[in-house]
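This chain uses plain numbering: 1 for the first residue, then up along the sequence. In this text, all values refer to a predicted model and were calculated from it rather than measured experimentally. FYI, side chains are in, hydrogens and waters are out, and symmetry mates aren't considered; it's all heavy atoms of this structure.
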Amino acid sequence: MRRAAAVAIALVCLAGCATIPRIQAADDIHTFLVSVRDGDRSGFEAHVDRDALKVQLRSRLIAETAGSGGRIATLGAALAAPLVDVAVNALLRPDTFRALAIRLGYDPQKPIPNTLAIAAFVKPLGGGHACVTEVRGGPCVLDFQSEDGVYKLSGYEGPIDSKKLGFGR
């Protein structure tokens, strides 16, 4: 009986350790969402790893453009790289992510969920990485990486409509 109690206590303690990064990430994600909702450019920039996000979005857009098939599409994607950079820079604004938040069910007229509610949708990925899912246990949509103790947006895994950006199929 004592052994079972000791094992149960150890498991609870280990679960608590796993929760700490989730709560830390959720707190920074909450701050990020508030900056998006309020259009707070400086708060937004403080929670975005612009370089990592640009690299990730750029590679996705080029891959999607080239994915239409053939060498011509791959050549077109490579030649479109400067246009991709312009599109990525245009995407990295609070307004863009406000539209994403609305699509995910956040109403600008309602309060942002608190840190604990957000934590339920945060997946710690190890090594200072975490992601946010649309549904508990679902696929990642927003990727965050801890940088100097602050979780910053470093990737977007959701759908990108390259047609609306001016290139693609």
Side-chain angles (χ1 to χ4, degrees), residues 14-65 81-168:
L14 287 174
C17 290
T19 301
I20 291 171
R22 176 177 286 153
I23 297 296
Q24 290 172 337
D27 191 44
D28 287 328
I29 293 164
H30 179 269
T31 303
F32 168 77
L33 291 172
V34 169
S35 74
V36 166
R37 179 197 65 200
D38 297 346
D40 174 9
R41 198 81 146 121
S42 64
F44 178 80
E45 292 297 333
H47 286 87
V48 172
D49 182 340
R50 188 171 274 277
D51 293 335
L53 194 54
K54 282 175 82 168
V55 167
Q56 191 260 350
L57 287 172
R58 183 177 190 271
S59 65
R60 279 193 62 200
L61 287 170
I62 289 174
E64 286 183 19
T65 303
L83 294 174
V84 171
D85 288 338
V86 169
V88 167
N89 284 329
L91 287 172
L92 295 181
R93 301 182 338 250
D95 292 348
T96 303
F97 287 91
R98 187 177 308 118
L100 171 64
I102 290 168
R103 185 182 71 77
L104 294 176
Y106 292 105
D107 183 337
Q109 306 308 315
K110 294 180 182 174
I112 301 267
N114 66 32
T115 298
L116 291 177
I118 292 170
F121 296 91
V122 172
K123 278 188 195 178
L125 302 174
H129 294 270
C131 74
V132 177
T133 64
E134 287 186 53
V135 295
R136 288 183 185 169
C140 295
V141 177
L142 298 173
D143 299 323
F144 288 82
Q145 180 174 344
S146 181
E147 198 173 289
D148 299 324
V150 175
Y151 279 86
K152 296 182 176 189
L153 181 68
S154 60
Y156 171 67
E157 302 299 329
I160 295 177
D161 188 349
S162 56
K163 290 180 193 175
K164 288 183 180 177
L165 297 173
F167 38 76

What are the two closest non-hydrogen atoms of Pro94 and Ser35, and how far apart are they? CB-O, 4.3 Å
Tell me every residue that passes side-chain contact (heavy atoms from CB on, under 4.5 Å) with Ala25, counting only those two or more places apart in sequence or in another chain. Ile29, Val122, Ala130, Tyr151
Considering only NZ, NE, NH1 and NH2 on the basic side and carboxylate oxygens on the acidic side, decide whether Lys54 and Asp51 come within less than 4.0 Å. no
With heavy-atom distances below 4.5 Å as the criterion, would you say the side chains of Val48 and Phe97 are in contact? no
Using side-chain heavy atoms (C-beta onward) and a distance below 4.5 Å, is Gln56 in contact with Glu157? yes
Exam field: side chain Ser59 to backbone Val55, donor-acceptor pair closer than 3.5 Å: yes
Passes side chain to side chain contact (heavy atoms under 4.5 Å, CB included), Asp27 versus Ile118? Steps please. CA-CA 8 Å; Asp27 191 44; Ile118 292 170; over 6 Å; no
Indicate the atoms forming the closest heavy-atom contact of Gly138 with Thr133, along with that distance. O-CG2, 3.0 Å
Rounded to the nearest 0.5 angstrom, the CG-CG distance for Leu53 and Leu153 is 5.0 Å
Which of these passes side chain to side chain contact (heavy atoms under 4.5 Å, CB included) with Lys152: Glu147, Glu45, Arg50? Glu147
Would you give the length of the straight line joining atom CZ of Arg22 to atom OG1 of Thr115, rounded to the nearest 0.5 angstrom? 13.5 Å
From Asn114 atom CG to His30 atom NE2, the distance as rounded to the nearest 0.5 Å: 7.0 Å
Compare all side-chain heavy atoms of His129 with those of Phe144 and state whether any distance is below 4.5 angstrom. no
Hey, what do you get for OG1 (Thr96) to CZ (Phe44), rounding to the nearest 0.5 Å? 7.5 Å
Please report the shortest heavy-atom distance between Lys123 and Cys140, naming the atom on each side. CD-SG, 4.4 Å
Give the intermediate values and the outcome of side chain to side chain contact (heavy atoms under 4.5 Å, CB included) for residues Asp143 and Tyr156. CA-CA 6 Å; Asp143 299 323; Tyr156 171 67; over 6 Å; no
Tightest non-hydrogen contact, residues Asp38 and Arg98, listed as C-NH2, 4.1 Å
Residues two or more places apart in sequence or in another chain: which of them pass side-chain contact (heavy atoms from CB on, under 4.5 Å) with His47? Asp28, Thr31, Phe32, Val150
